[in-house]
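Indexing begins at 1, ligand by ligand and atom by atom, following the structure's order.
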Amino acid sequence: MSSSSSEKALTSEKFTDLKLKKPATNSVGLPAVASAIQHALKYMDAKTAFEISKKINQKGGFDCPGCAWPDPDDERSSLGEYCENGLKAMAEEAQNKTIDEAFFSKNSIDDLAKLSDFEIGKSGRLAQPMYLAKDATHYKPIKWSDAYKKVAEHLNTLNSPDEAIFYTSGRTSNEAAFLYQLFVRAYGTSNLPDCSNMCHEASGKALTETLGIGKGSVKLDDIYKAELILVVGQNPATNHPRMLTALEKCKKNGGKIVAINPLPEAGLIKFVNPQSPQKIITGGTKIADVFAQVMINGDVALVKAILLKLVEAEENSSTVFDHEFIQKNTSFYSDFISDLNTYDFDECVKLSGVSEAIILEIVDLIINRDKIIICWAMGLTQHKNAVDNIREFVNILLLKGSIGKEGAGTCPVRGHSNVQGDRTVGIWEAAPQAFLDKIEAKFNFKPPVKHGYPVVDAIKAMHEKKAKVFFGLGGNFISAAPDTVFTAQALEHCNLTVHVSTKLNRSHLVTGKEALILPCLARSEKDIQNGKEQLQSVENSMGIVSSTKGILKPCSTELQSEVAIVCNIAHETLKKKSTIDWLRYIDNYALIRDDIEEVVAGFEDYNNKLQRPEGFYLPNGARQGHFKTETGKAHFSINKLPDWKLKSGEFIMTTIRSHDQFNTTIYGLNDRYRGVFNERRIIFMNPEDMEHKGLKSKDIVSIKSKFNDVIRTAHNFKVIPYKIPKNCCATYFPEANVLVPIDSYAHTAKTPSSKSVIVTIEKI
Ligand SMILES: Nc1nc2c(c(=O)[nH]1)N[C@H]1C(S)=C(S)[C@@H](COP(=O)(O)OP(=O)(O)OC[C@H]3O[C@@H](n4cnc5c(=O)[nH]c(N)nc54)[C@H](O)[C@@H]3O)O[C@H]1N2
Ligand SMILES: Nc1nc2c(c(=O)[nH]1)N[C@H]1C(S)=C(S)[C@@H](COP(=O)(O)OP(=O)(O)OC[C@H]3O[C@@H](n4cnc5c(=O)[nH]c(N)nc54)[C@H](O)[C@@H]3O)O[C@H]1N2
Ligand SMILES: [Mo]
């Protein structure tokens with residue numbers, strides 16, 4: 001009998017022999033270069049590794065499939081503008097091992113599900129389309145044409161287009177993403193959930209409300225010129241290593257850096273630039289001038305404490321706030337100040353977990369500077385009050401007039417390399433009417449106006465059998481989503497699950513009644529259509545669109561490009577119902593860009609501008625000091641303190657990435673900077689909390705979360721004493737996703753609250 005969906009969905013509970021070392025105080029430097037090279041050579045030959053390191057993130061090369069941090073406009077390092085984890089991402093993508101018919105006939109889906117995520121990833125690149133028939137135990141090969149027919153057949157027999165879900169992960173190019181959303185809307189639904197629903201959705205919401213644009217406002221150059229940068233809820237040494245080079249440059253220019261994080265992350269303490277031999281010898285740059293070790297989800301309390309002191313200083317001197325900016329450019333200042341004054345400073349200090357002395361240091365830095373940038377990532381966005389978190393930080397910028405000028409502004413640091421571009425070109429379950437009108441005008445059909453499901457609602461709809469087909473353009477839905485068991489049941493209720501993928505992952509194993517794997521070209525591979533090499537484009541975290549063109553020979557001749565897959569499915573599904581000639585795009589991606597240009601603002605002369613090696617900037621109102629809000633001004637906002645309270649025996653748990661993973665892709669079992677080796681099933685705890693509970697290092701525990709009377713359990717985690725605030729603990733994503741309740745998400749943004757899960761811990 002086949003295993004249950006939840007058994008297949010959960011990551012292996014076996015231990016892999018934990019080793020502990022002292023956490024590092026600095027990051028990168030020679031060990032990182034060595035680690036990257038070692039890793040690359042394990043999966044690629046030396047020639048490929050060298051070719052890649054020369055072309056990655058170089059002008060005219062290809063965009064690193066790792067993070068979305070921008071490339072410098074000016075000089076790029078001769079060693080290649082790569083980082084350790086970028087090279088690991090490449091090694092994962094460009095490995096020479098492939099999996100095809102023989103692999104799948106040898107391994108049933110139940111066998112594969114028993115492997116750890118690390119082992120699944122190491123199986124190799126998907127090399128031919130595969131089909132899992134109803135009640136079958138093994139995937140079998142299928143011809144591309146039959147696969148397209150199967151998808152079309154399922155989509156065309158649903159009672160309503162709203163019974164289909166079309167997920168996107170943020171590696172998809174602008175070209176493929178634009179056609180995909182066009183197809184989905186022409187088919188008749190807005191069900192376009194994407195990874196950003198689990199990622200920076202709260203940033204988009206908070207920034208649109210307060211500043212009139214859902215993206216950040218700064219350029220890389222602003223980072224260099226800032227006088228003060230707050231790095232909040234972010235672990236750049238691991239997730240955006242090249243950001244450290246930019247922070248180093250800011251420091252060299254006299255800037256100050258404040259890190260706000262429950263964990264003392266290595267790169268924020270000290271950074272040794274791997275591309276500067278002198279720094280490797282001298283031991284590097286101290287990055288954070290002040291480290292505020294905030295309680296998990298204590299950020300609003302911390303900012304309120306800071307704001308109260310700023311108001312006090314302003315009352316004494318009248319020189320702290322930028323009155324001209326506030327008067328000319330903002331609304332709701334006095335409402336904001338009156339609300340703020342209802343809070344008690346000492347209470348906020350206590351709830352933040354940060355000492356008063358540290359808070360006063362931060363206040364001093366803010367008082368004397370007005371070129372301030374706030375950078376943040378998942379530490380702020382994955383909470384119930386995520387939107388409040390971000391709006392509260394924006395209040396600081398508005399008081400100081402730190403927006404719409406050089407060296408100042410907002411910097412939500414994006415995750416996937418093209419997650420921002422996907423949204424720009426229409427991957428959005430709640431697209432604005434103006435965008436839909438443009439689609440209608442250009443393509444002669446009426447896109448549905450009703451909003452579609454974001455990720456959380458999509459899972460619920462599948463669970464309730466209201467949605468019956470799941471299509472994933474990239475990603476690993478089962479492992480990335482919250483509430484693993486619930487999501488597994490949801491996927492299992494589907495008639496068909498389809499994944500367009502480069503690598504095998506758990507989502508191929510937790511399927512609907514039938515399933516398809518459609519293997520696609522990766523970004524580093526040459527995309528040749530009708531004899532011509534095609535280029536594609538992506539947008540980075542700072543709104544720069546640039547071209548990307550693969551350089552390697554595809555790992556299999558059977559792969560198709562994402563563009564070709566989307567066009568064929570659209571053609572096969574819509575037939576005469578659509579007046580769009582889908583197949584003509586496949587031979588010439590420039591035609592897709594011509595159409596994007598007509599629909600999306602800021603893409604004028606797209607094909608020509610893409611020839612510029614450095615790419616081009618999209619318009620950004622907030623950067624220019626134009627705020628497209630209801631009042632036409634930037635909005636101060638009123639935000640409450642979070643409403644949870646820990647009962648005795650409860651902890652607040654955050655789920656984080658190790659140094660050796662890219663989301664659900666596990667590169668290795670080490671988390672070098674945090675001193676954790678060869679194990680992922682671990683829980684970081686405060687030593688005093690451990691003592692109080694009678695726990696010793698490496699003791700084995702179960703973790704339980706209780707939400708709306710439902711108890712969720714994760715078994716077999718080893719305890720590690722760590723410098724984390726009391727009552728807080730941390731585990732890795734995706735092992736702990738089983739504990740994140742489906743109904744716990746950010747107000748208005750619906751981002752699962754995977755950084756604040758209330759748990760109990762029991763020794764077993
Ligand atoms: N190598 C590598 N690069 C990546 C990724 C990867 O997995 N691997 N993922 C990509 C993606 S999609 C994304 S979204 C980004 C993610 O990049 P990050 O957001 O840096 O990733 P996380 O590990 O989720 O870490 C969040 C940080 O927030 C802190 N934190 C946790 N809870 C709180 C809190 O309540 N308050 C505050 N202030 N801080 C908190 C954690 O200690 C941690 O340092 O990275 C991208 N880049
Ligand atoms: N508990 C918890 N859960 C989280 C998070 C957290 O911090 N904590 N973070 C959330 C965040 S920020 C995000 S962004 C999501 C990530 O969610 P996803 O984007 O869904 O997950 P990934 O692990 O990035 O997807 C990896 C898979 O993408 C496929 N892939 C890789 N490159 C390509 C490509 O070029 N084309 C195609 N078609 N496929 C490709 C491969 O098959 C690979 O297995 O997870 C979220 N989940
Ligand atoms: Mo993300």
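Near Asn505, the atoms of ligand 2 lying under 4.0 angstrom from a non-hydrogen atom of the residue are 27 (C), 42 (O), 43 (C), 44 (O). Atom numbering of ligand 2 starts at 1 in the shown order; those under 4.0 Å from a heavy atom of Val500 are 37 (C), 38 (N), 39 (N). Per-residue contacts place Cys520 under 4.0 angstrom from the following atoms of ligand 2 (heavy atoms of the residue considered): 36 (N), 37 (C), 38 (N). In the vicinity of Ser501, heavy-atom distances shorter than 4.0 Å reach the ligand 2 atoms 39 (N), 42 (O). If you number the atoms of ligand 2 from 1 as listed, the ones under 4.0 Å from a heavy atom of Gly474 come out as 37 (C), 38 (N), 39 (N). Taking a cut-off of under 4.0 Å to the non-hydrogen atoms of Glu562, the atoms of ligand 2 that pass are 34 (C), 36 (N), 37 (C), 38 (N). Of all atoms in ligand 2, listed by their number and element, those nearer than 4.0 Å to a heavy atom of Tyr167 are 17 (O), 18 (P), 19 (O), 20 (O).
Screening Leu516, Leu126, Asn476, Ile478 for a side-chain contact (heavy atoms from CB on, under 4.5 Å) involving His508 leaves a single residue, Leu126.
Under the side-chain hydrogen bond (donor to acceptor under 3.5 Å, both in side chains) criterion, Asn418 pairs with Asn174, Asp422, sequence neighbours left out. Looking at residues two or more places apart in sequence or on another chain, you find a side chain to side chain contact (heavy atoms under 4.5 Å, CB included) between Ala714 and Phe717, Val738, Leu739. A search for side-chain hydrogen bond (donor to acceptor under 3.5 Å, both in side chains) contacts involving Ser123 returns nothing, not counting sequence neighbours.
Looking at Asn297 and Trp644, their side chains do bring a donor and an acceptor atom within 3.5 Å of each other. A donor-acceptor contact closer than 3.5 angstrom is absent between the side chains of Ser556 and Gln128.
Remark: Arg672 is not positioned above the aromatic ring of Tyr667, lacking an NZ or CZ atom under 6.0 angstrom from the ring centre and at most 45 degrees off the axis.
Taking the centre of each ring, Phe166 and Phe183 come in below the 6.0 Å mark.
Electrostatic pairing of Asp483 and Arg712 counts as a salt bridge here, judged by a charged N lying under 4.0 Å from a carboxylate O.
At a heavy-atom distance under 4.0 Å, atoms from both the backbone and the side chain of Thr502 approach ligand 2.
Atom CD of Glu525 and atom CG of Leu552 lie 6.5 Å apart (nearest 0.5 Å).
At a 4.0 Å heavy-atom cut-off, the residues surrounding ligand 1 are Cys67, Asn85, Cys199, Val232, Gly233, Gln234, Asn235, Thr238, Asn239, His240, Ile260, Asn261, Pro262, Leu263, Glu265, Val294, Ile296, Asn297, Asp299, Ala377, Met378, Gly379, His383, Gly415, His416, Thr654, Ile656, Arg657, Gln661, Phe662, Asn663, Lys755, listed by chain and number.
Backbone and side-chain nitrogen or oxygen atoms of Lys503 are examined, and one is located within less than 3.5 angstrom of a nitrogen or oxygen of ligand 2.
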